[in-house]
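The block underneath contains the structure these notes are about, expressed in structure tokens.
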Amino acid sequence: MAQSVNINFRMDAELKKSMEQVCSDMGLSMTAAFTIFAKTVSREKRIPFEVTADPFYSASNMAHLRRGIAALNAGKGVAHEIIEEDE
């Protein structure tokens with residue numbers, strides 16, 4: 001068997017608690033889940049799920065926001081009613 005090593009990193013406490021529960025529901029420890037992840041990354045040479053950026057920060061949206069700010073600064077803004085979800 002290969003030599004085991006410890007890996008330490010920080011994670012939000014609530015995220016850790018949630019992940020521990022999900023892993024437990026699947027009959028896994030967090031160590032087993034991270035080991036599965038590491039083996040899959042090593043074997044496939046990729047992250048085994050899609051990693052995406054928040055589309056809010058896309059180049060096209062940021063350009064749209066800059067145009068809106070310029071319009072507001074030029075006095076060409078349009079007021080809209082606030083839409084709130086019913087709770």
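Each ring pair (Phe, Tyr, Trp, His ring centres under 6.0 Å) pair with one or both residues in residues 9-35, not counting sequence neighbours, appears once here: Phe9-Phe34. Judged as a salt bridge (charged side-chain N to carboxylate O under 4.0 Å, His left out), the pairs with a partner in residues 45-60 (not counting sequence neighbours) are, in order, Glu44-Arg46.
At least one donor-acceptor pair closer than 3.5 Å links the side chain of Thr40 to the backbone N or O of Ile36. Between the side chain of Ser24 and the main chain of Glu20, no donor-acceptor pair closer than 3.5 Å is present.
In terms of hydrophobic clustering, with Ile, Leu, Val, Met, Phe, Trp and Tyr side chains grouped at heavy-atom distances under 4.5 Å, Met26 and Met30 are assigned to different clusters. In terms of hydrophobic clustering, with Ile, Leu, Val, Met, Phe, Trp and Tyr side chains grouped at heavy-atom distances under 4.5 Å, Val41 and Phe49 are assigned to a common cluster. Taken together through direct or relayed side-chain contacts under 4.5 Å among Ile, Leu, Val, Met, Phe, Trp and Tyr, Leu15 and Val22 form parts of separate hydrophobic clusters.
Separating the CE atom in Met19 from the CG atom in Leu28 is a distance of 9.0 Å, to the nearest 0.5 Å. To the nearest 0.5 Å, atom CE of residue Met62 and atom CZ of residue Arg66 are 6.0 Å apart.
For the residue pair Asn61 and Phe56, the shortest heavy atom distance occurs at ND2-O, 2.7 Å. Residues Ala33 and Cys23 approach most closely at CB-SG, 3.7 Å, considering heavy atoms.
Judged as a salt bridge (Lys or Arg N to Asp or Glu O under 4.0 Å), and not counting sequence neighbours, Lys17 has no contacts.
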